[in-house]
Enquirer: 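I have a structure I would like to understand better, so I am pasting it below and will then ask my questions one at a time.
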Amino acid sequence: MALHRLTSITMGVPNVAETSAYYGDFGLVPVADGWFTTRTGGRQLRIVAAPTRRLVDLHVGVDDTDDLARATGNLQRLGLNVQHGSGWIRAADRATGTVAYLEIAPRLTEQAVPATQYNGPGRAARTGDRAPGVLRTAPVRPRKLGHAVLGSTDFETTRAFFTEGLGFKISDHIKGAGTFMRCSTDHHNVLVQAAPVSFLHHTSWQVDDVDEIGRGATALLNKDPARHVWGLGRHHVGSNFFWYLKDPAGNFSEYYADMDCIIDDQLWKPEIWADIRALYSWGPPVPGSFLAPDDLAELMAAAHSS
Ligand SMILES: [Fe+2]
């Protein structure tokens, strides 16, 4: 039938204990063997040891063996080696080295969380009580893994791997620099962008609303203000509210809410963005370290020597 969700990712870092503690603070729940769970998505992040920070692999849920067979043929047509197991296949992107698994997995059943009541002009949706966003006290816990963003030294090859090979759909383009792709009804599950070295730029985690983004980021910053990267803002491409924070290995992690949803492929027209909207609609000015992370030279040197 189809790809239906981004199941999980494996992140390699040199400082596993420190980075794991960060994702606990971020609201993911540590379980066994380096795995972390989200509220709805189950096991979605695994942290393992690696010489430098990187995306080790990415898992995508599919419905059935027909999906695996179709992707196998498509990946082989790209000249890639495909390995098989019971209910899964895997292949590696030539440009980034990222290993992608397609695996037969149940579709995610997302219970509808009631819409937060916001008052507006002539519209009192909430009366006689303070806003939920100021009354909530429980730590923020993301609902699910939304997307991963990869820097690639050859983004067109990486895009072909995801689209022509694995079967992701294209949602939007950044002119000459990147492509937003989906394997679910979310606007994007993977973004690949041109970079001088292949690396994991960020992972993004869904929370209930913009208040949860603010509460989650504030809790992380209260522990360590140096974790701040960029936010609060709203992206234009994908429309989501965002706040980016940095883990101790240097990967960015994003809380997001209110992302565009594409149910009917025929009704969505991918566009090519060449101006500031490729980055955001509103928010603080984009910091240089978001575009070129502080450890980029270090990652390039490590890639060169390996
Ligand atoms: Fe993002």
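We count ligands from 1, going down the list as the structure has it; atoms in each ligand are counted the same way.
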Enquirer: Could you tell me whether the side chain of I47 reaches within less than 4.5 Å of the side chain of Y23, counting heavy atoms only?
Expert: yes
Enquirer: Taking both backbone and side chain into account, is any N, O or S atom of H202 nearer than 2.8 Å to the Fe ion (ligand 1)?
Expert: yes
Enquirer: For L291, look at atom CG and say whether over 12 heavy atoms of other residues, nucleotides or ligands are found less than 6.0 Å away.
Expert: yes
Enquirer: Looking only at N, O or S atoms, find the one in E254 nearest to the Fe ion (ligand 1) and name it.
Expert: OE1
Enquirer: With a cut-off of 6.0 Å (strictly less than), are more than 12 heavy atoms of other residues, nucleotides or ligands near CD of Q76?
Expert: yes
Enquirer: Once you measure the plane-to-plane angle for W205 and F26, does it fall in the parallel (<30°), tilted (30-60°) or perpendicular (>60°) bin?
Expert: perpendicular
Enquirer: For the Fe ion (ligand 1), decide whether H147 has an N, O or S atom at a distance under 2.8 Å.
Expert: yes
